[in-house]
2 protein chains.
Amino acid sequence: MKQEKRERHAKILATLNAASSVRVAELAYQLGVSTETIRRDFDEMTRAGQLSRTYGGAVRALSAEPHAQAQPRGLLLAERQRIAKATVDAVADARILLIGSGETAVHVARQIALRMKDITVVTHSFAVAAAVGENHRIEVMMIPGRYHPAKASTTGGHAIVFLQSLYADCVILGASGLTGDGPSHALPEIAAVNTAMLNRAARCLVVADQSKFDQPFSTRFADWPQVSTLVTDAPPPAGLRKTLETNRVKLLVA
Amino acid sequence: MKQEKRERHAKILATLNAASSVRVAELAYQLGVSTETIRRDFDEMTRAGQLSRTYGGAVRALSAEPHAQAQPRGLLLAERQRIAKATVDAVADARILLIGSGETAVHVARQIALRMKDITVVTHSFAVAAAVGENHRIEVMMIPGRYHPAKASTTGGHAIVFLQSLYADCVILGASGLTGDGPSHALPEIAAVNTAMLNRAARCLVVADQSKFDQPFSTRFADWPQVSTLVTDAPPPAGLRKTLETNRVKLLVA
DNA sequence: TGAAAATTGTTGAAATTCCAACAATTGCAT
DNA sequence: ATGCAATTGTTGGAATTTCAACAATTTTCA
């Protein structure tokens with residue numbers, strides 16, 4: 001049962017989510033383990049920066065926001081902003097937009113909220129919906145489906161069925177990696193939704209920063225001929241560029 | 001020196017601002033007073049909603065920083081926790097749960113994440129989905145629809161159509177107000193989704209704190225006979241209680 | 001001024017937590 | 001199978017906190 005500790009840690013975090021502070025004794029009772037185990041969990045989670053101890057309990061760590069990620073964000077922020085702006089330029093004429101999930105897609109969504117209006121945006125990403133929703137002149141439609149905690153987005157059969165009855169002028173998709181075969185994603189569930197989105201749109205833009213070049217991931221969600229445009233922040237390596245040309249993928253380097 | 005207590009309270013808040021948790025002994029030493037004085041300060045400040053006690057110390061109150069809201073949140077936090085716990089007790093046997101939107105519903109969702117497993121939760125609220133999603137043993141399904149920025153939830157025709165093809169053991173709904181006519185909501189779009197949810201579930205629980213008693217809002221989303229149980233934190237006024245009895249609504253006062 | 005109220009300190013017993021050391025169990029690799 | 005490492009429970013004493021009761025001091029205000 002190697003999973004048990006992980007589950008316990010998750011529950012401790014969930015408890016802190018609801019209650020600002022927890023007590024060792026209370027938690028031990030709730031989770032059916034000894035107080036010493038809880039104490040050890042606390043030690044470990046403290047080292048991991050997830051919480052901080054108090055006498056008799058623990059509280060959420062100061063910098064442990066719900067979705068505080070590692071720092072790739074900060075490093076590529078400027079690049080992503082450039083990609084996002086170039087993307088919005090490229091879709092300025094669209095009236096119905098499909099948008100996928102991922103950090104870059106959220107940047108695009110923010111730019112869309114800033115610069116577009118009187119359009120409809122359809123997405124399966126909570127973060128994208130929240131970002132675009134800031135603009136009251138934009139209609140935001142949420143795709144149904146299984147909630148995927150890691151990516152805060154919906155996936156699965158419901159999502160795909162829903163997409164079948166949809167039309168969009170344009171779809172904007174992020175990617176975990178870009179290879180000669182096509183764009184791919186680390187999570188098969190997300191990849192499946194991406195594929196379904198792609199099939200419902202007249203035009204397909206893939207947005208990805210240079211760190212994705214030549215990185216293969218488990219599931220390819222498109223072939224290059226299906227992609228209209230790739231928006232990125234640096235010229236791709238020769239091999240990839242060649243493939244793009246062959247398949248008539250328009251390349252936008254922001 | 002009547003000012004001394006005020007100054008001390010300010011310093012305690014300041015310390016809490018920098019440290020996320022303080023200890024009684026440490027504070028007593030720093031401020032040059034006895035531990036009992038600090039304890040009494042804590043009691044007082046807890047009643048004022050500025051902090052909450054831990055064994056050996058205190059932490060900042062949950063709703064005390066981000067937006068410096070009025071106190072409805074802070075004051076009712078404990079009550080909502082109680083309502084949430086009682087609600088989970090009441091639905092412990094359900095396998096498929098529908099959950100609406102609102103602050104109280106989110107509290108219920110957090111408790112569900114903590115205490116239930118191997119169930120399916122269907123919701124139209126982003127916050128509920130995120131809260132329940134913390135628990136990997138729970139399947140979370142998101143309802144499609146127009147994204148409603150103010151409430152971070154989905155509404156509209158797509159949501160209602162989606163709900164038609166759904167069954168749930170139990171639905172948990174918040175409310176803006178509770179009158180003799182039934183529970184009502186300030187936003188017609190949300191009320192419409194609530195009604196649709198209610199029609200798909202075998203049992204209907206309404207959760208609402210006492211501030212909702214006898215408050216009418218624009219759109220009534222249910223008649224009392226449709227409601228199985230009302231979970232609240234104080235006995236309702238006589239008129240309302242009578243109506244509940246007449247309509248066989250089970251009353252749970254947490 | 002004088003008395004009630006508020007504030008703070010002190011004290012000692014009870015409850016709780018902490019910590020280190022050791023034992024039992026499980027999973028995993030050699 | 002055997003041994004090692006990781007995980008968890010148990011135990012007992014030390015340290016800390018809590019709580020209630022009472023005393024001392026200061027503030028308020030009639």
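Chain naming here is simple, since letters A, B, ... match the order of the sequence lines and numbering starts at 1 in each.
Under the 30°/60° scheme for interplanar angles, the aromatic rings of A:His185 and A:Phe221 are found to be tilted. Using the six-membered ring where Trp is involved, A:Phe126 and B:Phe126 have ring planes that are parallel, under 30° apart on the 30 and 60° scheme.
With sequence neighbours left out, the ring pair (Phe, Tyr, Trp, His ring centres under 6.0 Å) criterion links A:Phe162 to B:His158.
With a 4.5 Å cut-off on side-chain heavy atoms, B:Thr229 and B:Val206 do not count as touching. Residues A:Phe42 and A:Val22 are in side-chain contact: their nearest non-hydrogen atoms beyond the backbone lie under 4.5 Å apart. Inter-residue side-chain proximity for B:Pro236 and B:Leu251 is flagged as met; some heavy-atom pair is nearer than 4.5 Å.
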Review item, nucleotides 13-16 of chain D N/O atoms under 3.5 Å of protein N/O:
| from | atom 1 | to | atom 2 | distance (Å) |
| --- | --- | --- | --- | --- |
| D:dT16 | O4' | A:Tyr55 | OH | 3.3 |
| D:dT16 | O3' | B:Arg23 | NH2 | 3.4 |

Review item, nucleotides 20-23 of chain C N/O atoms under 3.5 Å of protein N/O:
none

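Among A:Met142, A:Arg146, A:His148, the one residue that satisfies the side chain to side chain contact (heavy atoms under 4.5 Å, CB included) test with A:Thr154 is A:Met142.
What separates CZ of A:Arg53 from P of D:dT17 is a distance of 13 Å, to the nearest Å. The distance between atom CZ of B:Arg6 and atom C1' of D:dT26, rounded to the nearest whole Å, is 17 Å. The CD1-P distance, from A:Ile38 to C:dT16, rounds to 17 Å in whole Å.
The side chain of A:Thr37 places no N or O atom within less than 4.0 Å of a non-bridging phosphate oxygen (OP1 or OP2) of D:dT8.
Ionic pairing of A:Asp41 and A:Arg8 is present here: one or more N-O contacts between side-chain nitrogen and carboxylate oxygen are shorter than 4.0 angstrom.
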